[in-house]
Amino acid sequence: MEAQFSPGPRKLLQGMLGQKTKAELIIKALNQCADYKLKTIPKKNGSLRKLYVPPTDLKKLQRLLLRNFFYLFKSKISLTMHGFLPGRSIVSNANSHKDKSWKHVTRLDLKDAFPSVKAENIRSIFQEYLFQEIADYADQYRERKLKPRKWFKKIYHLHPIFPSRRVRWFRRLIINNLDSDFPWDITARFIEHLVTLTTYQGALPQGAPTSPFLLNLVLSHLKIPENISRQLNEEAYDHALSIYADDIVISTKKEITRDMLGKLISTIEASGTFTVNREKTIQSKRRQIDPLITGLRVAKRFNSRGGRINNKVIVPKKKILAIRSLIHQATIDPSADKDNRVAGYIAFLKGVYPKPEGYPKGRIIGDIPPAVLKPYLKYLKSLDSRPTS
């Protein structure tokens, strides 16, 4: 059965996605919302991670939503969030904890974080944001009519729902229906389309392009980071806090006690949305072991080309050896898949080990560890000797 929807919400959705987005794509995507494919990936503990892969048209529309509409709400995301956001990564997440003054590290894991976010969470957030936008815009227009000379600046840029000319028809609709329910009704149905396009079986599907951003938005909207920091401040804990997807990391100068840990878990679970996986709660002392944060190690001492650097984020030795092995295999038994994987890992290493100050401009290798750099240079030479097809 094909999706049915009225022109108003469809036109608003199409405007938010860009004028080149055709209504046909929106209809196809809405008709594919129940056609996710289940994919399983083995976890380290032997269990399976379930990923729900959206169909082609739905995935394309979700990416448009993420880039052209959801990113308008980046200011709503807490600065402690580092996952799946422009300019933030596992590197910035680990860098938040590299200061040598932090002596203890506590890691908390949100159990089934993506499916814990329900469709009602998404609906209520956008109802709050977008309904408030309409109310503010209508109030400012009434003020403009009363004091036209006082209204010097355009206010469109203050309202994410009115970002450009794409939806100026909706601004006029609000102005012409200040005391009508018509704009509110269109927005409510527009929000229902957002919920339908971004949820599966009533929850966030892990595997959809929009899910990580919406997870960050829900965590920020529920003030999870602020509540954790408030609880720590009340107990006089100096701390650094970061969140990457479902992984919460807290660095402190003094050890978090068992009672305090219980309070933090209760603070998170008081939201009524998330629960903490107590089996994955880890506390460590930095003087005993360098902490591992989102796959990167915060090392107390690091040898960089003959010099000693304290508190640097590095790639664990086991991962370095695996990358070196892959480069060696790509050198002696080349294939397109191995070349792509090597390129991806080298880009990853460049992000972790940026160019040091004064590094020659013509060189692009950066400060990659010699264990990988030497085989990589040999790999680059092998590319020149490959037969051309």
Side-chain angles (χ1 to χ4, degrees), residues 39-51 53 82-84 88-98 105 107 109 206-207 212 242 244-247 249 277 279-280 282 284 286 288-356 359 363-386:
K39 181 180 179 181
T40 57
I41 298 177
K43 293 183 180 180
K44 292 181 180 179
N45 60 7
S47 62
L48 295 176
R49 184 187 304 278
K50 293 182 179 180
L51 297 180
V53 182
H82 292 268
F84 315 99
R88 306 184 207 178
S89 63
I90 60 172
V91 180
S92 64
N93 184 53
N95 277 328
S96 303
H97 303 271
K98 71 177 184 178
V105 177
R107 290 178 53 188
D109 181 82
Q206 187 171 3
S242 70
Y244 191 95
D246 58 357
D247 193 26
V249 183
N277 189 340
E279 294 180 357
K280 291 186 177 182
I282 300 172
S284 59
R286 291 188 62 175
Q288 295 176 348
I289 186 172
D290 293 332
L292 191 66
I293 298 174
T294 50
L296 298 176
R297 198 168 292 285
V298 181
K300 293 189 291 291
R301 293 175 297 276
F302 175 72
N303 190 356
S304 176
R305 306 298 170 88
R308 304 294 282 186
I309 299 177
N310 290 327
N311 298 287
K312 184 172 178 73
V313 172
I314 63 172
V315 178
K317 184 177 180 180
K318 187 176 180 180
K319 188 72 172 179
I320 289 292
L321 294 177
I323 296 173
R324 184 176 69 175
S325 175
L326 172 63
I327 294 174
H328 178 68
Q329 293 174 22
T331 304
I332 62 176
D333 184 20
S335 69
D337 177 63
K338 291 175 184 175
D339 289 341
N340 291 334
R341 291 174 63 194
V342 168
Y345 276 124
I346 293 299
F348 163 69
L349 290 173
K350 287 178 182 178
V352 180
Y353 303 99
K355 294 181 183 179
Y359 201 79
R363 300 280 295 279
I364 61 172
I365 303 301
D367 201 21
I368 294 176
V372 170
L373 180 58
K374 290 180 180 180
Y376 180 62
L377 293 175
K378 184 178 179 181
Y379 163 80
L380 291 178
K381 289 181 180 180
S382 72
L383 293 179
D384 297 331
S385 60
R386 289 185 189 178

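Residues meeting the side chain to side chain contact (heavy atoms under 4.5 Å, CB included) test with N277, sequence neighbours left out: D109, K111, E279, K280. The side chain to side chain contact (heavy atoms under 4.5 Å, CB included) search around S325 returns Q329, not counting sequence neighbours. By the side chain to side chain donor-acceptor pair (under 3.5 Å) test, S96 pairs with H82, sequence neighbours left out. Among residues two or more places apart in sequence or in another chain, the salt bridge (Lys or Arg N to Asp or Glu O under 4.0 Å) test is passed with D247 by R107. Remark: D384 pairs with no residue by the side chain to side chain donor-acceptor pair (under 3.5 Å) rule, at least two apart or across chains. In this view, F84 and Y244 satisfy the ring pair (Phe, Tyr, Trp, His ring centres under 6.0 Å) rule, not counting sequence neighbours. For the salt bridge (Lys or Arg N to Asp or Glu O under 4.0 Å) test, residues two or more places apart in sequence or in another chain that qualify with D333 are K338. By the side chain to side chain contact (heavy atoms under 4.5 Å, CB included) test, K39 is found to be paired with L51, V53, residues two or more places apart in sequence or in another chain being considered. Residues forming a salt bridge (Lys or Arg N to Asp or Glu O under 4.0 Å) with D339 (at least two apart in sequence, or on another chain): R386. Applying the side chain to side chain donor-acceptor pair (under 3.5 Å) test to T294 and every residue at least two apart in sequence or in another chain returns N93. Taking R297 as the reference, nothing meets the side chain to side chain donor-acceptor pair (under 3.5 Å) condition, with sequence neighbours excluded.
The side-chain heavy atoms of H328 and P375, taken from C-beta on, include no pair separated by under 4.5 Å. Within the 4.5 Å cutoff, the side chain of I368 has no heavy atoms near those of the Y376 side chain. Annotation: side chain of V105 is not in contact with side chain of I282 (no heavy-atom distance under 4.5 Å).
Smallest separation of non-hydrogen atoms from I293 and V298: CD1-CG2, 3.9 Å. A pairwise comparison of heavy atoms in S385 and S382 identifies OG-O, 2.9 Å as the closest pair. Counting all heavy atoms, side chain and backbone alike, I90 lies closest to L296 at O-CD1, 3.7 Å.
Rounded to the nearest 0.5 angstrom, K312 NZ and Y353 OH are separated by 7.5 Å. Taken to the nearest 0.5 Å, the CG atom of L377 stands 10.5 Å off from the OG1 atom of T331.
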Could you pull out every donor-acceptor pair under 3.5 Å between side chains of residues 313-323 and any protein atom, sequence neighbours left out?
{"residue": "K319", "atom": "NZ", "partner": "Y345", "partner atom": "OH", "Å": "3.4"}

Test side-chain contact (heavy atoms from CB on, under 4.5 Å) applied to H97 and V249, step by step: CA-CA 9 Å; H97 303 271; V249 183; 3.5 Å; yes
